[in-house]
Trainee: 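Below is one structure. I have some questions about it.
Just so we're on the same page: letters track the sequence lines, and every chain starts at 1. As the structure is a prediction and not an experimental result, all values here were calculated from the model.
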Amino acid sequence: MTQLTELRKFVAPEYIFGGGARHLAGRYAKNLGARKVLVVSDPGVVAAGWVGDVSASLEKEGLPYVLFTGVSPNPRAEEVMSGAEVYTSERCNAIVAVGGGSPMDCAKGIGIVSSNNRPILDFEGVDMVEIPMPPLICIPTTGGTSADVSQFAIILNSAEKTKVAIISKTVLPDLALIDPVTLTSMDPFLTACTGLDALTHGIEAFVSNAHSPMTDLHALEGIRLVSKHLAESVKNPTDVELRTLIMQGSLQAGLAFSNAILGANHAMAHSLGGERDAPHGECNAILLDHVIAFNLSAAPERFERIAEAMGLDLRGMNSTEKKAALLNHIRSIKQEVGLDLKLNNIGITRGDLSSLSKKALKDPCMVTNPRRANQRDIEVIYEESL
Amino acid sequence: MRNPSDPSDDEEALRGKLIGLGELSHRKNYYPELQKRLEELRKAHNELELRVEERTAELARANRQLKAEITVRQQAEEQLRSTHRQLQDIIEFLPDATFAIDDAGKVVAWNRAIEEMTGVNKDAILGHGDYAYALPLYGQKRPCLIDLLRRTDGKIEASYDFINRRGDVLYAEVFAPNLHHGQGAYLWAKASILYDQQGNVRGAIESFRDISERKEAQTKLQKANRELEAFVFTVSHDLRNPLNSILCFAALLFKDCAEKLDQEDLDLLAGIQRQGKRMQALITDLLALAQLRPIERPTEAVPASEVVQEVIESLFGENPEEARTVKVGSLPQLRIPKSHLYQIFDNLISNARRYTHGEGDTIEVGGRRDGDRVTFFVRDHGPGIPAGEKDRIFDLFYRGATESSREGTGVGLATVQRIARMAEGRAWVEETPGGGATFHVVLIDPPQDRPSEDAARSRR
């Protein structure tokens, strides 16, 4: 259904990529007119020292700042509201987020609430943010979420046990300072989770029914870089060159999915994350091969190009063999990075599947999945992942 | 034909929005918001300017009004000052010595008359408190009448001959030993509280008048009166004994020698007896008049009707037939000594009897009370009093020209008038409608709880 003449948009923030990019936070905050900065992070990132580097660069520019670290993995709506309260009461006028997807999504939420003055859950859906948020600089310290270049903010509604997607071009940061050095503090499990998240971004963006030549380029390159170097990077966490390659792959997969959007894999992972508060990358990884198996028939030739990007030689294989080769490769990557898990490992039982499937079907990511799925289809995929 | 697996319209719209093709999909751009805020700011600015203008105009209005009010106030103050000057001038030229104090007891006015009387200039005393005004009068700083307006002070009150209060005004007489270079002077003083428009006490004013001369004359007069009374008493008393002897002798002569004397001699003897009795009556009346003492009011009221009955019995005891011609109406009770009341009715009824000769003529006696005033009347139907005599009839020793009036002593009505005056009243005569004379006597009889001037006088 994708045609060359169809309308497409490509949105990306201004970004600076490279070792030491984090030290530019002060200069750019000042350029963006900051007088007082709210620095949003989490305790782990503070302990790793990255927040210290960033605040030093703010101090160097004479910019006062307030640190807000009340963010848990999968940021909650209440955390966003209390962050916004700090932002307002401290009379801040700019935000710098340092960390993985959680602090960055939380920072986006704080920005939305502080300029619109309404509860964060009011903004669920697409293009619901009316007034732009204050200047936001994102400094990612994980190689996968790509929240620093995406128009997504995922907030946990802990009362309803659902993840709420806020999708708007206005939540794109004003600047991303992408510094691969920051990845060196990640442990193997986090490296694996975020890496597989990035891989899923690339795959889903490439097979999305809204893909375009521009997103295809970035998606395939992201798949290639992550699938090739992830296992090595997990084994050599301090190798900055490897970290840089993963960060590059994550960035490109991010640019791809932010514009081509995602699919069933993310819809179902959001549903899982809402129900069990499990790491997002882990959820994606558990589902990845099962969702590919379901989608493959809808776009076999595009999955072939994914397999080729992963370095597989499919020549002489029939479609069944090609499918098996791709799925086996995905599984072997999962095994190699230590994420060969099942849903029951994160406490999901058969009884949860019906409600999980209902929530997944309502997720906006489902709209761009290459194959239309009904309740039963989703339940089956979950079942296979048990 | 739509394939069942085709996406619905809703999904199609959602997909369009997701890939950035929705109506509201745009990158964050501050410009529209900035413009909106600038527009709001412009509006707020304009509104502010408008308000500043309004406020300025309002202030200017208020300022003008204030200026007008100030002018009116200045005029009022000027008028007040002028009124004040006028009042000061009036006080200044009052013939009576006058001074005034404020609520703190400081002298605020001291007029020319008081300067002359005391020899103290106003410059030396204005603004001074602590009873400075008493010094030139009494030789010491002490409370005066002006200070008794709002509090009592038994010691000070005792130094006044009398003090009489009427509402907020005190009247008094006092001797001021330091006036006239230590010669002293009797003063008649009057003090009053001064109020402002709201009824608050603002001070007090006192005036006094030198009554030393009058007082001296009064003292002389009283002394002369006393001497005269003593003389009358002595003369009457000394005359009575020889007269009684003459009458006795005449009676003996008539008894023993009636057969020896002819008719002419008998007539002469009767003449001696008649004239002697008249003289006896005259002396009795004069003694009664001379013996009149100032009224001391009894604590119990005296019923006038009882007194009148006694008088009638005494006058007509031998002739009950005649007694019935006296018709007595209702009579009030009053606090006047019984002896005084007796003399009033004795004189008036015997006077009326002298002029009552006609068959069936009556004498009417009555009275009534109007508050403090008690009025009695005694009415006859005789010939009446000629117009020219009405004023003189109460004079001592005055007797009318008629036959009947010749019988009187000319002392009785004077005694009635004297008693009436002693009781703060008076006596007068009017013509009885249809002929005759009606004598009226008014006596003042204040209630017991409110002392009269006499009571105040007797405080000393």
Trainee: Should we count CZ of A/Arg118 as having more than 12 external heavy atoms under 6.0 Å?
Mentor: yes
Trainee: For a quick test of reading the model, state the closest non-hydrogen atom pair linking B/Ile19 to A/Arg8 and the distance between them.
Mentor: CD1-NH1, 3.5 Å
Trainee: How many angstroms lie between CG in A/Asn369 and CZ in B/Arg15, if you round to the nearest 0.5 Å?
Mentor: 12.0 Å
Trainee: Are more than 12 heavy atoms from other residues, nucleotides or ligands located less than 6.0 Å from atom CZ of A/Arg91?
Mentor: no
Trainee: Return yes when atom CZ of B/Arg73 has more than 12 non-hydrogen atoms of other residues, nucleotides or ligands closer than 6.0 Å, and no otherwise.
Mentor: no
Trainee: In terms of heavy-atom contacts, does CZ of B/Arg202 have more than 12 from other residues, nucleotides or ligands at under 6.0 Å?
Mentor: no
Trainee: Can you measure from CD1 (A/Ile131) to NZ (B/Lys36) and round to the nearest 0.5 angstrom?
Mentor: 5.0 Å
Trainee: Quick check for you: to the nearest 0.5 Å, what is the distance between B/Leu18 atom CG and A/Gln151 atom CD?
Mentor: 7.0 Å
Trainee: Can you confirm whether B/Tyr171 is buried at OH, in the sense that more than 12 heavy atoms of other residues, nucleotides or ligands lie under 6.0 Å from that atom?
Mentor: yes
Trainee: What's the spacing between A/Ile167 CD1 and B/Leu14 CG if we round to 0.5 Å?
Mentor: 7.5 Å
